[in-house]
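Some notes on the structure that comes next.
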Amino acid sequence: MSTVLILNGPNLNLLGTREPAIYGATTLADVEVMCRDEAAKHGLTSDFRQSNHEGVLVDWLHEAGRAFAAGTLKGVVFNAGAYTHTSLALADAVRGTGVPMIEVHITNVHAREAVRHHSFLSPVARGIIVGLGPMGYALAIAAVAALPAKA
Ligand code: CA2
């Protein structure tokens, strides 16, 4: 069975515990269950991770690239949190590994502060889902499942 890797960046472990007016009441543990269910609907196994450390996320993308090359990973769903707006290293890791990646944001970053309007990841993403809340993760998993098989 193929896997979809769901990566979450800094502070997303706080989801559902702080700032509910912005991020809602759903916890990251709830999102993980939703992702597992959605992946199963598409015959995929989900591997759900969160880190507050940029280098750890880079390492996980490298791991994903190797798994993609080996044919055991279908793609990555990535909410890089604030690193979205700052990290050339994460964009380089996606580009360098060639792993298909769908970028997700819970909030509509384009309706927020100008600093959130730019994403280093969008140019290397296969697709982008913003502003649809936790449902965005499920939609992104469906998109990964629909990706053509690796050549
Ligand atoms: O909307 C998103 O998913 C974001 O990636 C969330 C990031 C933010 O920096 C991006 O601009 C957009 C922030 C994640 C922090 O999440 C928190 C949740 C609850 C309380 C505090 C932070």
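Quick note: numbers below take in every heavy atom, side chains included, and nothing from hydrogens, waters or symmetry partners. Whatever order the structure lists ligands and atoms in, that order sets their numbers, starting from 1. Predicted model, so just to flag it, every value in this text is computed and none were measured.
In terms of the salt bridge (charged side-chain N to carboxylate O under 4.0 Å, His left out) criterion, E103 has no residue partners (sequence neighbours excluded). Scored by the salt bridge (charged side-chain N to carboxylate O under 4.0 Å, His left out) test, D92 finds R95 as partners (sequence neighbours excluded).
Between R66 and E63 there is no salt bridge, since no side-chain nitrogen of the basic residue lies less than 4.0 Å from a carboxylate oxygen of the acidic one.
Annotation: atom 4 (C) of ligand 1 to nearest protein heavy atom, H105 ND1, 3.7 Å. For atom 18 (C) of ligand 1, the closest heavy atom belonging to the protein is Y23 CD1, 3.4 Å. Atom 11 (O) of ligand 1 has its closest protein heavy atom at H85 NE2, 2.7 Å.
Comparing heavy-atom distances from atom 3 (O) of ligand 1 across N11, I106, N8 singles out I106 as nearest. When L28, I129, V115, T107 are ranked by how near their heavy atoms come to atom 1 (O) of ligand 1, first place goes to T107. Nearest-heavy-atom check against atom 21 (C) of ligand 1 across E103, H117, E19 picks out E19.
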> Between Y23 and N11, is a side-chain hydrogen bond (donor to acceptor under 3.5 Å, both in side chains) present by the stated rule, with each step listed?
Replying inline: CA-CA 11 Å; Y23 295 107; N11 299 310; over 6 Å; no

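Considering backbone and side-chain atoms alike, R116 places an N or O below 3.5 Å from some N or O of ligand 1.
Under the 4.5 Å side-chain criterion, counting only non-hydrogen atoms from C-beta, E38 is not in contact with L139.
Looking at R18 against ligand 1, both its backbone and its side chain come within 4.0 Å, counting heavy atoms. Counting heavy atoms under 4.0 Å from ligand 1, residue V109 touches it through the side chain alone.
The shortest non-hydrogen separation linking P10 to A82 is CG-N, 4.3 Å. The nearest pair of heavy atoms linking L5 to A64 is CD2-CB, 3.7 Å.
With 3.5 Å as the limit, one finds no donor-acceptor pair spanning the side chains of N52 and E54.
Ligand 1 is never approached by T84 to a heavy-atom distance shorter than 4.0 Å.
Every atom of ligand 1 with a heavy atom of A82 under 4.0 Å away is listed here by number and element: 9 (O).
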